Number of protein chains: 4
Amino acid sequence: MLNRVILIGRLTRDPELRYTPAGVAVTQFTLAVDRPFSNQGGQREADFIPVVTWRQLAETCANYLRKGRLAAVEGRIQVRNYDNNEGRRVYVTEIIADNVRFLESANSANREEGGPATGGGGNYGGGGSGNGGNRGNFGGARDNQDPFQDDGRPIDISDDDLPF
Amino acid sequence: MLNRVILIGRLTRDPELRYTPAGVAVTQFTLAVDRPFSNQGGQREADFIPVVTWRQLAETCANYLRKGRLAAVEGRIQVRNYDNNEGRRVYVTEIIADNVRFLESANSANREEGGPATGGGGNYGGGGSGNGGNRGNFGGARDNQDPFQDDGRPIDISDDDLPF
Amino acid sequence: MLNRVILIGRLTRDPELRYTPAGVAVTQFTLAVDRPFSNQGGQREADFIPVVTWRQLAETCANYLRKGRLAAVEGRIQVRNYDNNEGRRVYVTEIIADNVRFLESANSANREEGGPATGGGGNYGGGGSGNGGNRGNFGGARDNQDPFQDDGRPIDISDDDLPF
Amino acid sequence: MLNRVILIGRLTRDPELRYTPAGVAVTQFTLAVDRPFSNQGGQREADFIPVVTWRQLAETCANYLRKGRLAAVEGRIQVRNYDNNEGRRVYVTEIIADNVRFLESANSANREEGGPATGGGGNYGGGGSGNGGNRGNFGGARDNQDPFQDDGRPIDISDDDLPF
DNA sequence: TTTT
DNA sequence: TTTT
């Protein structure tokens, strides 16, 4: 009925931009969010929280975010589940972001910086990529029970349609 | 660095109150939170989000919350992971709540209501329960790689200490 | 850069629905939000927080909310200011809501209930109402330095255009 | 019943640290938070939102925050009111913060920086300051109807006790 | 000016 | 699998 999340953390890797078969941009990245206390060993741990953005926001995140950068994310928690190929139900929890703030620009973050990051598949080019290799589903999903979803709404695409 | 979640939803089951070997109360329940849109089939889906509370708040939740009741939860996202007995890393995402509001009292919610709900094990009583049966770990965890954690900080307990 | 507020509280009065000269619906109400502690006299105080909604949400709030009802509000803080007729700058702080949840329906809240509540002026009918009476500005504003604002963006209307 | 605010913005001035007569640290500053849209003239406006912190957090804010720095603030909205010396009731809305994150360190923010900022009065030293001058009440309050409050709970102090 |  |  109400579902709101606000996070501030650092990207663990460059964001990955992909496109659905319908051409909708989707970017995934993970935020490392330090916990507000130390563990028994006196060390600060972090939560690694997957974030998904769609459409224009996805393009912008892919263009401006990089590994190590600080970002604020606003969105909602989404829990997907699917049965993996051992017949076990797997739950994937992600933040579907509707607002992302870049808290460090390229010059304020003094790290090695490449050009815009794109996911392996890049812009949708179709082509029967077969079933080998990493098909790039989020959250470690290995199976086609876990298709891309448009803004959280499932979209009906076959495995062959996938751009990765 | 900042990690804040606010949810309003309904409990999918009665809350489960347990105690760590050190006697710390911990209550787990799942909130069903309706999504703010319909899926392609025109149906409203929900996210099922696991919530964990500790200490006094755990006791209060166990006493006042029941299946079907509406509640507001404030807390932070925590992502735990452990390796299951097939050698696969499993991620468990939960809300560690520090504030819970009961939005329906027993009389305003007209459902069948039992007495206070307690988890199978109840107050820690020791007893070598072996390794059979449901050991009650959260998030569908089946294995002892996923011990209880005190307020998110790992606590060092052996399997035999577990009250379930 | 980021501005997010979530409140749960009760309406201190029926909501007031009005229309801008351009016909845009705007509803104002105040939430009483109990503080999470007692004051020195051992009494629970509340904050009285003004909320503004626009367009469709304004209509829905006017239709479904009533004095005493419990509601959850999501939005952003907006601070307006104007100079009153004593030359003093007055600050008005309101929540511009983009999401309102009705946590009590008409039957779960057992209070005297009238029909849909409308502000004094109702649907915009023009008419030179002069300067007598309650001109209905929010936040106690008395002067025309405080015109209605569309979604927070100022709109250019003269005093004579005001429907109240 | 629930009252949560999260802001990211920049300080409009150096923070002001003061002490209550009981020696409790309290720091006030204002965040400029850009609105997520442009006004009719195509310009981005900002909301100027007063923030209050107490105790250890107050000391830390006074030590590490400066004019122009970016900060994230988590807290609750508090609405105080008092009658000014023209017999008019004045409402003061502030964020009582329980969590502040410094999103820019002294070296990442390239601005003129002085030493730690202290409010005019500094550490409470008594001294009959009479009633002349700026007594430093928050939110433009001019009168002693607006005493400091400890964590939002009113504290019983006379005007003469005030350190400013 | 305030809600349960 | 993880960020500063």
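Chain naming here is simple, since letters A, B, ... match the order of the sequence lines and numbering starts at 1 in each. Small disclaimer: the values here were computed from a predicted structure and weren't measured.
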Legend entry - Note, D:V79 side chain near C:I49 side chain (heavy atom, < 4.5 Å): yes
Distance, rounded to the nearest Å, where [X] contributes [atom1] and [N] contributes [atom2]:
{"X": "C:D14", "N": "E:dT3", "atom1": "CG", "atom2": "C1'", "value": "12 Å"}
{"X": "A:E45", "N": "F:dT2", "atom1": "CD", "atom2": "C1'", "value": "13 Å"}
{"X": "C:D34", "N": "E:dT3", "atom1": "CG", "atom2": "C1'", "value": "8 Å"}
{"X": "C:K67", "N": "E:dT4", "atom1": "NZ", "atom2": "C1'", "value": "12 Å"}
{"X": "D:N81", "N": "E:dT2", "atom1": "CG", "atom2": "P", "value": "9 Å"}
{"X": "A:I49", "N": "F:dT3", "atom1": "CD1", "atom2": "C1'", "value": "12 Å"}

Legend entry - Closest contact, heavy atoms only, A:A72 versus A:L103: N-CD1, 3.9 Å
Can you identify which nucleotide, out of [options], has its nearest atom closest to the [X] side chain?
{"X": "C:R10", "options": "F:dT4, E:dT3, E:dT2", "answer": "E:dT3"}
{"X": "A:T30", "options": "E:dT4, E:dT2, F:dT2", "answer": "F:dT2"}
{"X": "D:Y91", "options": "F:dT2, E:dT2, E:dT3", "answer": "E:dT2"}

Legend entry - Carboxylate-amine/guanidinium proximity below 4.0 Å for C:R35 and C:D47: yes
Legend entry - Residues D:E74 and D:R4 bridged, charged N to O under 4.0 Å: yes
Legend entry - Whether C:F48 stacks on the six-membered ring of E:dT3 base, 5.5 Å and 30° limits: no
